[in-house]
Amino acid sequence: EAGVTQFPSHSVIEKGQTVTLRCDPISGHDNLYWYRRVMGKEIKFLLHFVKESKQDESGMPNNRFLAERTGGTYSTLKVQPAELEDSGVYFCASSYTSGKGNEQFFGPGTRLTVL
Amino acid sequence: AQSVTQLGSHVSVSEGALVLLRCNYSSSVPPYLFWYVQYPNQGLQLLLKYTTGATLVKGINGFEAEFKKSETSFHLTKPSAHMSDAAEYFCAVSGPNAGKSTFGDGTTLTVKP
């Protein structure tokens, strides 16, 4: 079974540009999460989809970030325009709502560098 | 509200020595607790989790952790460190539904030969 995949693995852009990150969750997982780790600090929650609906977007830093999950499958996270402080590693995770504990499966992350 | 504190951003042990990585949490609801490991250039891999039931949880690669409610702790241990255990370890807490996880800052484990 394929794991969570993320594309690209690395992205280097200039301040003011736009970047779109993609996450493909494990097939059949209804929950999809985005997290971010900045400057070696803690991994911070950004938002949570249940199927195609945003269940919790309390961690989104500002309106420069837009996440979508059309059709309840893959998700994209767009940053427009990018700022220096957006640099970091963006992780995607997915899980299946089983009622037996929320084991989230993580992708390898996308390392975003904003110059 | 939930939070996680990992004591010690860097821990160094000798090969064969005991590994102890500390994690304290706070949670307003019964917590689900997790330890993840991240090897270089890879995603986070679940080591073990506590949901309900037995408070001593065994995970992969010989790791285990004990949930102590009175101490709000979930420390990770391994009796004998291997070189391959060198990685970054994250403790996380979530609620009893499919909501977000809250992570600690991570602890980098170095294993000396």
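Every chain is numbered from 1, with letters handed out A, B, ... down the list of sequences.
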By a 4.5 Å heavy-atom criterion (distance strictly below it), what part of B:Glu88 contacts chain A: side chain, backbone, both, or neither?
-> side chain
Is A:Gln6 reaching over with its side chain to a backbone N or O of A:Gly109, donor-acceptor style, under 3.5 angstrom?
-> yes
Across all chains, not counting sequence neighbours, the side chain to side chain contact (heavy atoms under 4.5 Å, CB included) partners of B:Arg22 are B:Leu7, B:Leu20, B:His75
The single option from B:Val37, B:Val13, B:Leu109 that satisfies side chain to side chain contact (heavy atoms under 4.5 Å, CB included) with B:Asp85 is B:Leu109
Between the main-chain N or O of A:Leu84 and the side-chain N or O of A:Ser87, is there a donor-acceptor pair closer than 3.5 Å?
-> yes
The interface call for A:Tyr35 against chain B, heavy-atom contacts under 4.5 Å, is side chain
Kindly assign one of parallel, tilted or perpendicular to the pair B:Phe103 and A:Phe106, based on the angle between their ring planes and the thresholds 30° and 60°.
-> perpendicular
Qualifying side-chain hydrogen bond (donor to acceptor under 3.5 Å, both in side chains) pairs with a residue from residues 102-113 of chain B, counting only residues at least two apart or across chains = B:Gln6-B:Thr107
B:Leu44 versus chain A, the contacting section by heavy-atom distance below 4.5 Å | both
Do you know the tightest heavy-atom contact between A:Trp34 and A:Cys23?
-> CZ2-CB, 3.5 Å
Where do B:Val111 and B:Ala81 come nearest, in terms of heavy atoms and distance?
-> CG1-CB, 4.2 Å
Examine distances only and state if a side-chain atom of A:Asn31 and a backbone atom of A:Val50 form a donor-acceptor pair shorter than 3.5 Å.
-> no
At a heavy-atom separation under 4.5 Å, does B:Phe90 approach chain A through its side chain, its backbone, both, or neither?
-> side chain
Looking at A:Phe105, A:Tyr74, A:Phe49, which one forms a ring-ring contact (aromatic ring centres under 6.0 Å, His included) with A:His29?
-> A:Phe105
Quick one: of A:Lys44, A:His48, A:Gln104, A:Lys41, who has the most non-hydrogen atom pairs under 4.5 Å with chain B?
-> A:Gln104
Non-hydrogen atoms of chain B under 4.5 Å away: do they reach the side chain of A:Arg37, the backbone, both or neither?
-> side chain
Quickly, which of B:Ser27, B:Ser101, B:Ser28 forms a side-chain hydrogen bond (donor to acceptor under 3.5 Å, both in side chains) with B:Gln2? Name it, please.
-> B:Ser27
Is the shortest side-chain N to carboxylate O distance from B:Lys49 to A:Glu103 below 4.0 Å?
-> yes
Chain B contact residues among residues 12-22 of chain A, heavy-atom distance under 4.5 Å | none
Please list, in residue-number order, every residue in residues 52-68 of chain A that has a heavy atom less than 4.5 Å from any heavy atom of chain B; write 'none' if there are none.
-> A:Asp56, A:Ser58
May I ask you to name which of B:Gly43, B:Ser94, B:Gly106 has the most heavy-atom pairs under 4.5 Å with chain A?
-> B:Gly43
With B:Tyr89, the ring-ring contact (aromatic ring centres under 6.0 Å, His included) member among B:Phe74, B:Tyr36, B:Phe63 = B:Phe63
